[in-house]
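One-based numbering, in listed order, for ligands and for the atoms of each.
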Amino acid sequence: MAGDPLNTPLMAASNFIVDPTATDGRVYSRNEGTTQWEAFESAIGQLEGGPAVSFASGMAAISAILNLLEPGASVVAPADCYQGVTAILDQRAKSHGWNVRIIATTDTPAWLEAIDGQPDLLWIESPSNPMLEVADVPSLCSYAAERGVVAAVDNTFATPLLQNPLQHGATYAVHSATKFIGGHSDLLGGVVACASSAAADELRLRRSLGGATMGALEAFLALRGLRTLPVRLARSQETAGILAERLHQHAGVVRVAYPGLSKDPGAELAARTMSGPGAVLSFETIGDPSRLDVALSRLSIIHNATSLGGVESTIERRHRLPGQEMIPPTLLRLSVGCEHPDDLWQDLTGVLDALH
Ligand SMILES: *Cc1c(COP(=O)(O)O)cnc(C)c1O
């Protein structure tokens, strides 16, 4: 209406005025949410194609789904997977007797066979963090749906613009909104788009009881970030393609993992199942890790920082992190931001040339 704000205003509210004669309406924001959350959830819901539920972080969203499982549950998960998920699965295997089967992301026949075993949850992540492996999301999700198996897809790397798992029969499409959706390294958030309103209601109840709600400012920033996701992602993805090609040809690089490179093992599948390969890539360098760390400390444009999906490029030698010892020691995960590709390449060649 004329005079209304164009954008959803930041709504800082824990409780609302109640009509004592009514039985519905907003009472307390942990339960009924705010118009702020609803605007963010509605945008993600439209992009993913199902009702969305926001959370305090990606891990809060993931935990809400995993908390639906009973003791003794059977879960199938990928070998290359966000380390927080692997940590919860390991823990619940011990404390709750979960039967966790780990399968390589790319081993589609093994996933299909595992679905035949009627697991309680299929956890898929594609492209995977940090090895950029591509799962056959359409085949796995449709096969699971036909057999009534619940499939959750961590869609953080793809964003809702490059892959929509619900379309293929997934029950949940999960995002860390901290990454590309927020896009500016200034918020923590998570969101799950669901195949049905019953599934969304169940998660909302978990959110009410668990209390891991998205903050008002975070919802505001996430919505603001989402508005520029298409332009940020297009720019970053194009630059990632340029850098992947140049890295692939550089003598200081042993291997590049990026589904946008024609030689990549996931390239054909990504081209067939996704609208684009995304803006994160990994590469292994020559030389020893300590020398690599020294070279990385001289970067001037790319930030030595964890996380990904921001307008600023970030790089990380994942092997350094606790629990990431299985990652090759000189593997660098690069999240490509919106800087000029030649500036980024100059920074990268500075590192690579120092390794000889
Ligand atoms: C970062 C990340 C998460 C966890 O999200 P937080 O917002 O940090 O809690 C989950 N999955 C993937 C693939 C991620 O990159």
Side-chain angles (χ1 to χ4, degrees), residues 40 44 48 52-67 75 77-89 105 121-135 137 151-163 165 170 172-193 203 206-207 210-215 217-219 221-222 225-226 229 233 236 240 257 259 266 274 277-282 305-310 313-316 318 321-324 327 331-337:
F40 174 60
I44 296 290
E48 284 287 19
V53 185
S54 61
F55 286 92
S57 65
M59 283 309 293
I62 290 166
S63 299
I65 296 172
L66 294 178
N67 285 343
V75 183
D80 187 38
C81 187
Y82 184 70
Q83 97 269 2
V85 177
T86 312
I88 296 184
L89 295 179
T105 305
L121 177 68
L122 216 57
W123 190 270
I124 300 166
E125 181 182 308
S126 184
S128 69
N129 186 359
M131 304 305 286
L132 277 301
E133 290 172 354
V134 182
V137 170
V153 179
D154 187 331
N155 209 22
T156 301
F157 274 39
T159 83
L161 302 186
L162 303 180
Q163 171 167 272
Y172 306 108
V174 187
H175 292 276
S176 166
T178 312
K179 314 293 168 57
F180 287 97
I181 291 174
H184 296 75
S185 312
D186 55 7
L187 70 90
L188 283 170
V191 63
V192 183
L203 283 185
R206 293 283 159 171
R207 179 179 62 185
T213 57
M214 194 175 214
L217 180 61
E218 284 74 8
L221 290 172
L226 190 60
L229 178 61
L233 188 62
S236 296
M274 300 172 67
V280 184
L281 58 91
S282 289
T306 194
S307 198
L308 52 102
S313 297
T314 54
I315 200 163
E316 186 170 51
R318 296 290 291 176
L321 307 180
Q324 297 282 283
I327 304 296
L331 182 122
L332 300 175
R333 187 188 67 196
L334 174 65
S335 171
V336 180

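- At least one donor-acceptor pair under 3.5 Å links the side chain of H184 to the backbone N or O of G182.
- Nearest heavy atoms, P78 versus T105: CB-OG1, 3.6 Å.
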May I have the list of side-chain donor-acceptor pairs in residues 151-161 shorter than 3.5 Å, sequence neighbours left out?
from	atom 1	to	atom 2	distance (Å)
D154	OD1	T156	N	3.1
D154	OD1	T156	OG1	2.6
N155	OD1	Q163	NE2	2.9
N155	ND2	E48	OE2	2.9
N155	ND2	Q163	O	2.7
T156	OG1	S176	N	3.0
T159	OG1	L161	N	3.1

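- If you look at ligand 1, the protein residues with a non-hydrogen atom under 4.0 Å away are S57, G58, M59, I62, Y82, E125, N129, D154, T156, F157, S176, T178, K179, G189.
- Scanning all heavy atoms of the two residues, the minimum distance from E125 to Y82 falls at OE1-N, 2.7 Å.
- Taking each heavy atom of T314 and S307 in turn, the nearest pair found is OG1-O, 3.1 Å.
- Nearest heavy-atom pair, L121 versus L66, reported as atom, atom and distance to 0.1 Å: CD2-CD2, 3.6 Å.
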